[in-house]
Protein chains: 2
Amino acid sequence: MKISTRTRYGLRAMIEIAGAKPDSGVFQKDIAASQSLSVKYLDHIIQALKTARLISNAKGKKSGYILTRKPSEITIFDIHRAFEPGICVVECISGNYHCDLSEGCQASGFWKQLNNLIYNYFNSITLDDLIHGRVTFEDESFSEEASRQKA
Amino acid sequence: MKISTRTRYGLRAMIEIAGAKPDSGVFQKDIAASQSLSVKYLDHIIQALKTARLISNAKGKKSGYILTRKPSEITIFDIHRAFEPGICVVECISGNYHCDLSEGCQASGFWKQLNNLIYNYFNSITLDDLIHGRVTFEDESFSEEASRQKA
DNA sequence: TTTTATCCTACTATTTTAATAGGATTTATA
DNA sequence: TATAAATCCTATTAAAATAGTAGGATAAAA
């Protein structure tokens, strides 16, 4: 249950582009610098965002990226979809998958609900919410219990 | 964002054990057969559940597993925890992680909320809910939009 | 025409996960 | 008391996914 680093970097890149002055595009090298990534690596991430038509730029030397839509019109699901084909927590709930056991599988409903929960969340939050600090989590205790990690 | 197959099989094994007649334990070979897994592979999964003290058995030839608690007292989070150290959708929100950018990271709140959402869901559903069919998902349209997968 | 920046594709390395394998231990039972 | 059935335990291999690097083509501003 890990979000890929590409998606994480992609979201941060979007936040950075969204936060720039409206008239000036943002360069890859600046994003790379502020996020401590090589320009070459960030390149993939930027290209994925561009292919998904979330950002655009002029060609040539004076390029630099801007959003194609207002931050309030870009959901996190849109950004996630630039890097992943969709949200699918287990293969066996995707459309064309056939499972011999699915007839009586008492777990599939649980996974479908989980999938839906995540999808609805991703779809309900926009880039605008993030850049205006409307999505925060104050309670420090959550990480103790739930997000314990390998040493 | 994939649930590991071990966790999936583990959940199904728990459902199978929970669904057995109360007085008779369930054998690995029977679970393996009904889920089309080798006994050797299922072995790992069963051992993880046992280490997590979710199931127990007698030693020797007439073994066979039973739940250590009532299904209503076993949450999906308990089962998940038998296979994973915790729920952690991105490394950078776990307790002892330090991120240079976290000072002004406008994404971390989003990830923490996601983590919490999943944790609360896992914690709110019990094995009893599953074996009595209380967790279902009827709407067929969800998979079209959200869970599209690679061909 | 040189420089800056994106664009595009291929590749390598790393890590994670899935699955197999071999044999030790325990105990019912023939 | 031997043997068969079952779990227990550890090591290893195989496969897949992901992260990250590399090289050069292209476009346009200076």
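So that the names make sense, note that chain A is the first sequence line, chain B the second, and so on, each numbered from 1.
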Does [X] place a side-chain N or O at less than 4.0 Å from the phosphate oxygens OP1/OP2 of [N]?
| X | N | answer |
| --- | --- | --- |
| A/Ser38 | D/dT21 | yes |
| A/Lys62 | C/dT4 | no |
| B/Thr5 | C/dA18 | yes |
| B/Gln28 | D/dT7 | yes |

Atom-to-atom span, [atom1] of [X] to [atom2] of [N] - whole angstrom:
| X | N | atom1 | atom2 | value |
| --- | --- | --- | --- | --- |
| A/Ile46 | C/dT4 | CD1 | P | 20 Å |
| B/Lys59 | D/dC9 | NZ | C1' | 12 Å |
| B/Phe27 | D/dA5 | CZ | C1' | 9 Å |
| B/Ile45 | C/dT20 | CD1 | P | 11 Å |
| B/Leu37 | C/dA19 | CG | C1' | 10 Å |
| A/Tyr41 | D/dT18 | OH | P | 11 Å |
| A/Ile3 | C/dT16 | CD1 | C1' | 17 Å |
| A/Gln47 | C/dA5 | CD | C1' | 11 Å |

Nucleotide N/O of nucleotides 23-26 of chain D paired with protein N/O under 3.5 Å:
{"from": "D/dG23", "atom 1": "N7", "to": "A/Lys40", "atom 2": "NZ", "distance (Å)": "3.1"}
{"from": "D/dG23", "atom 1": "O6", "to": "A/Lys40", "atom 2": "NZ", "distance (Å)": "2.6"}
{"from": "D/dG24", "atom 1": "O6", "to": "A/Lys40", "atom 2": "NZ", "distance (Å)": "2.6"}

Using heavy atoms to find the nearest nucleotide of DNA chain C for A/Gly64 and A/Met1 separately, return the residue whose nucleotide is more 5′. A/Gly64
For DNA chain C, whose closest nucleotide is more 5', that of B/Tyr9 or that of A/Tyr65? A/Tyr65
Review item, side-chain donor-acceptor pairs of residues 71-78 of chain B, under 3.5 Å, at least two apart:
{"from": "B/Thr75", "atom 1": "OG1", "to": "B/Phe77", "atom 2": "N", "distance (Å)": "3.3"}
{"from": "B/Thr75", "atom 1": "OG1", "to": "B/Asp78", "atom 2": "N", "distance (Å)": "3.1"}
{"from": "B/Thr75", "atom 1": "OG1", "to": "B/Asp78", "atom 2": "OD2", "distance (Å)": "3.1"}
{"from": "B/Asp78", "atom 1": "OD1", "to": "B/Arg81", "atom 2": "NH2", "distance (Å)": "2.9"}
{"from": "B/Asp78", "atom 1": "OD2", "to": "B/Thr75", "atom 2": "N", "distance (Å)": "2.9"}

Might you work through the side-chain hydrogen bond (donor to acceptor under 3.5 Å, both in side chains) test for A/Asn115 and A/Tyr119, ending with a clear yes or no? CA-CA 6 Å; A/Asn115 217 80; A/Tyr119 170 64; over 6 Å; no
Quick check on DNA chain D: between A/Lys61 and B/Ser63, whose nearest nucleotide comes earlier from the 5' end? B/Ser63
With sequence neighbours excluded, what pairs up with B/Asp30 under the side chain to side chain donor-acceptor pair (under 3.5 Å) test? none
Backbone N/O of A/Cys88 and side chain of B/Lys2: donor-acceptor pair under 3.5 Å: yes
Report yes if some heavy atom in the side chain of A/Phe122 is under 4.5 Å from a heavy atom in the side chain of A/Ile79; otherwise report no. no
For the hydrophobic clusters of this structure (ILVMFWY residues joined by side-chain heavy atoms under 4.5 Å, transitively), does one cluster hold both B/Tyr41 and B/Ile15? yes
Taking atom types as they are modelled, is there a donor-acceptor pair under 3.5 Å from the base of D/dT21 to the side chain of A/His44? yes
Which distance, rounded to the nearest 0.5 Å, do you find between the CD of A/Glu91 and the CH2 of A/Trp111? 11.0 Å
